[in-house]
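Have a look at the structure below before the remarks.
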There are 2 protein chains.
Amino acid sequence: MEVTKSLRPAFSSDVLIRKLRGIADISDDDAAALGGLTIQEKDVPANRDILLEGDRPTNSFIVLDGVVCSSKHTGAGKRQITSFFVAGDLPDLHGIHLSVMDCNFSSMTPGRLGVIRHSVFRSICEQRPRVATAFWRSTLIDAAIYREWVTNVGRRDAYARAAHMLCELIVRLRFAGRIEDHVADLPITQAALGDAVGLSAVHVNRTLQALQGDGLIATSGTKLRALDWPGLVQAGEFVPTYLHQKDPDVAF
Amino acid sequence: MEVTKSLRPAFSSDVLIRKLRGIADISDDDAAALGGLTIQEKDVPANRDILLEGDRPTNSFIVLDGVVCSSKHTGAGKRQITSFFVAGDLPDLHGIHLSVMDCNFSSMTPGRLGVIRHSVFRSICEQRPRVATAFWRSTLIDAAIYREWVTNVGRRDAYARAAHMLCELIVRLRFAGRIEDHVADLPITQAALGDAVGLSAVHVNRTLQALQGDGLIATSGTKLRALDWPGLVQAGEFVPTYLHQKDPDVAF
DNA sequence: CGCTCCCTTGAGCACGGTCAAGAAGGGTGG
DNA sequence: CCACCCTTCTTGACCGTGCTCAAGGGAGCG
């Protein structure tokens with residue numbers, strides 16, 4: 001069953017255009033210009049560092065396939081994942097205007113990236129204000145997601161926290177057109193999930209079992225299925241407004 | 001001793017210009033244009049809602065005085081503060097491109113706001129690309145702060161978490177030119193501080209006492225003094241890179 | 001076949017939450 | 001000016017969520 005293959009666009013610029021059309025009004029003219037961008041494709045294995053704190057990159061990248069995360073490390077050697085990025089997302093778009101990276105980017109799963117030079121971004125932003133706005137908006141949505149994560153980590157217990165995270169991942173993968181229904185192929189370790197929700201790997205394991213025990217999710221290998229989507233949404237208090245998608249109904 | 005008074009700029013546009021000059025290159029010409037903006041001043045008492053989740057504002061505001069926060073509420077009725085904003089900050093600048101508010105804004109202390117219409121922002125952004133970039137950069141810095149907060153709340157213990165938060169507040173107030181040395185006048189309740197760092201009010205109290213006991217801070221009334229700034233920075237693992245100020249030395 | 005990484009489970013513990021009650025401060029009205 | 005009230009701070013006691021440490025099992029890979 002090569003379902004995912006048929007879902008994948010032929011050109012990397014299509015991934016970008018789909019993303020922007022999900023969050024802003026992009027004319028066919030603008031889309032054509034985006035289609036002409038130079039995007040250098042690059043495969044990455046899982047768990048590979050892409051960019052490190054302190055770097056001063058001259059490129060940004062778009063996720064074409066797989067899952068990428070941004071993370072920070074504390075003095076005690078602990079890791080906090082601050083966001084996930086799926087197909088279409090531009091994890092370090094902020095690098096255009098923030099010269100020094102304040103976090104790390106790494107691949108969580110095997111994936112494909114599209115590398116775009118900052119200068120390319122800057123010139124299309126100058127020429128096409130609508131596109132510039134869409135990019136700005138994209139970074140604002142990232143910020144909205146960070147806000148939600150602060151709330152998730154700060155004020156929800158393990159059960160709700162994990163449920164919320166799964167909801168977000170599933171919905172974002174749906175927006176990206178990478179999954180049908182509520183079944184996601186997420187080859188992410190429980191330790192990584194713990195680093196994202198601020199829990200230990202052991203407790204993530206127990207929490208996922210609790211979610212399974214309540215019939216909300218089912219896992220088999222790396223596949224995650226939301227058996228009871230409304231139940232999962234409720235458990236995680238998940239309200240997708242913060243994702244600011246133009247057509248939020250896609251999420252359900 | 002009216003120290004704070006003499007630190008305060010005469011015009012609200014000066015607060016904006018100072019802010020932007022702290023994070024971007026703003027020519028005198030651009031500054032002059034910013035000085036001509038229509039900013040309607042508005043006093044707010046402490047603990048007043050400014051904007052609520054779901055609102056669709058047509059204005060943004062700049063903090064001229066006092067401290068403002070953004071917050072979210074969970075289903076369990078708990079509050080998480082997702083960021084603080086001090087003089088010069090533009091808390092809901094994202095409202096320009098994100099029509100629906102995904103969080104609340106409220107004043108933490110008595111303060112003064114400057115209201116600016118979205119249309120005014122949009123037109124200055126069109127006419128002055130440098131200014132547009134500075135505004136974009138401002139929202140990117142907000143996002144960087146959110147990332148740091150996720151890390152703070154997710155992976156640091158109460159002691160380090162509180163220390164980090166105090167460091168950030170002090171440094172940002174210094175950048176804003178609102179305090180000298182490391183003494184801040186912060187009429188913020190311990191409950192509010194707890195909502196920001198994801199702790200209960202009781203535990204914030206005990207943690208602050210621990211910080212005092214270790215000689216890192218001293219409090220008298222609403223005044224907070226960092227007795228041992230290097231010690232506080234170390235306790236909070238505070239690295240101000242994520243604030244992306246042009247002249248980070250001001251922080252020390 | 002053996003190594004490594006990840007998942008799983010158990011046991012004990014500690015950090016921080018909750019509940020409750022008293023003290024202190026600040027504002028308001030008589 | 002004082003009395004009162006309300007909010008905030010403070011402290012104690014208990015408890016529970018989630019962490020740590022440790023060990024075994026399973027799956028993938030060289």
Side-chain angles (χ1 to χ4, degrees), chain A residues 45-48 67 74 76-81 106-110 152-166 185-213 217-224 235, chain B residues 45-48 67 74 76-81 106-110 152-166 185-213 217-224 235:
Chain A
N47 305 311
R48 174 76 95 246
V67 178
T74 70
K78 302 193 171 187
R79 178 173 78 149
Q80 175 68 46
I81 292 178
S106 27
S107 59
M108 312 234 48
T109 70
N152 202 33
V153 173
R155 285 294 184 220
R156 280 196 264 263
D157 66 17
Y159 190 82
R161 220 186 279 184
H164 192 281
M165 187 58 66
L166 296 181
D185 188 21
L186 278 176
I188 294 177
T189 67
Q190 295 181 357
L193 212 54
D195 286 342
V197 293
L199 294 172
S200 69
V202 172
H203 205 66
V204 167
N205 183 285
R206 293 183 168 126
T207 306
L208 289 179
Q209 283 181 52
L211 289 168
Q212 276 187 295
I217 61 168
T219 56
S220 63
T222 61
K223 288 263 195 297
L224 170 81
Chain B
N47 304 311
R48 175 76 93 244
V67 179
T74 70
K78 303 194 171 187
R79 179 173 76 149
Q80 175 68 46
I81 292 177
S106 28
S107 59
M108 312 232 50
T109 70
N152 203 32
V153 173
R155 283 296 184 221
R156 281 196 263 261
D157 65 18
Y159 190 82
R161 219 186 282 184
H164 187 100
M165 186 59 63
L166 296 181
D185 187 23
L186 277 176
I188 294 177
T189 67
Q190 295 181 356
L193 212 55
D195 285 342
V197 293
L199 293 171
S200 69
V202 172
H203 205 67
V204 167
N205 183 285
R206 293 185 166 124
T207 306
L208 290 179
Q209 284 181 53
L211 289 168
Q212 275 187 296
I217 61 169
T219 56
S220 63
T222 60
K223 288 263 194 296
L224 170 80

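Chain A is the first sequence line, chain B the second, and so forth, proteins listed ahead of strands; every chain is numbered from 1. Just so we're clear, the structure is a prediction, and the values are computed from it rather than from any experiment.
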Most 5' of B:Val202 and A:Ala201 on DNA chain D, judged by nearest nucleotide
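So the residue in question is B:Val202.
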
What nucleic acid atoms does B:Gly198 come within less than 4.0 Å of, heavy atoms only: base, sugar-phosphate, or nothing?
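Since only primed, P, OP1 and OP2 atoms lie under 4.0 Å of B:Gly198, the category is sugar-phosphate.
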
Classify B:Thr189 by what it touches in the nucleic acid, base, sugar-phosphate, or nothing, heavy-atom distance under 4.0 Å.
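Sugar-phosphate contact only.
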
Please state how far atom [atom1] in [X] lies from atom [atom2] in [N], giving the value in whole angstrom units.
{"X": "B:His203", "N": "D:dG12", "atom1": "NE2", "atom2": "C1'", "value": "15 Å"}
{"X": "A:Leu199", "N": "D:dT17", "atom1": "CG", "atom2": "P", "value": "13 Å"}
{"X": "B:Leu224", "N": "D:dC9", "atom1": "CG", "atom2": "P", "value": "13 Å"}
{"X": "A:Asn205", "N": "D:dG24", "atom1": "CG", "atom2": "P", "value": "18 Å"}
{"X": "B:Gln190", "N": "D:dT8", "atom1": "CD", "atom2": "P", "value": "11 Å"}
{"X": "A:Arg161", "N": "D:dC19", "atom1": "CZ", "atom2": "C1'", "value": "12 Å"}
{"X": "B:Arg155", "N": "D:dC19", "atom1": "CZ", "atom2": "C1'", "value": "10 Å"}

Do side-chain atoms of [X] reach the backbone of [Y] as a donor and acceptor pair under 3.5 angstrom?
{"X": "A:Thr222", "Y": "A:Leu186", "value": "no"}
{"X": "A:Ser200", "Y": "A:His203", "value": "yes"}
{"X": "A:Arg48", "Y": "A:Ser107", "value": "no"}

Checking contacts here: which listed nucleotide (D:dT11, D:dC19, D:dT10) is nearest the side-chain heavy atoms of B:Arg206?
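Taking heavy atoms from C-beta onward, the closest nucleotide is D:dT11.
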
Could you tell me whether the side chain of B:Thr207 reaches within less than 4.5 Å of the side chain of B:Val197, counting heavy atoms only?
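When only atoms from C-beta onward are counted, B:Thr207 and B:Val197 do not touch, as no gap falls below 4.5 Å.
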
Heavy-atom distance under 4.5 Å between the side chains of A:Ile217 and A:Leu166, does that happen here?
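Yes, their side chains come closer than 4.5 Å.
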
5' to 3' contact window, DNA chain C with chain B (heavy-atom distance under 4.0 Å):
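Answer, 5' to 3': C:dG16 to C:dC19.
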
Please report the closest heavy-atom contact between A:Ala158 and A:Leu199, naming both atoms and the distance.
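It is CB-CD1, 3.6 Å.
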
Examine the side chains of A:Thr74 and A:Gln80 and answer whether a donor and an acceptor come within less than 3.5 Å of each other.
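No donor-acceptor contact under 3.5 Å links the two side chains.
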
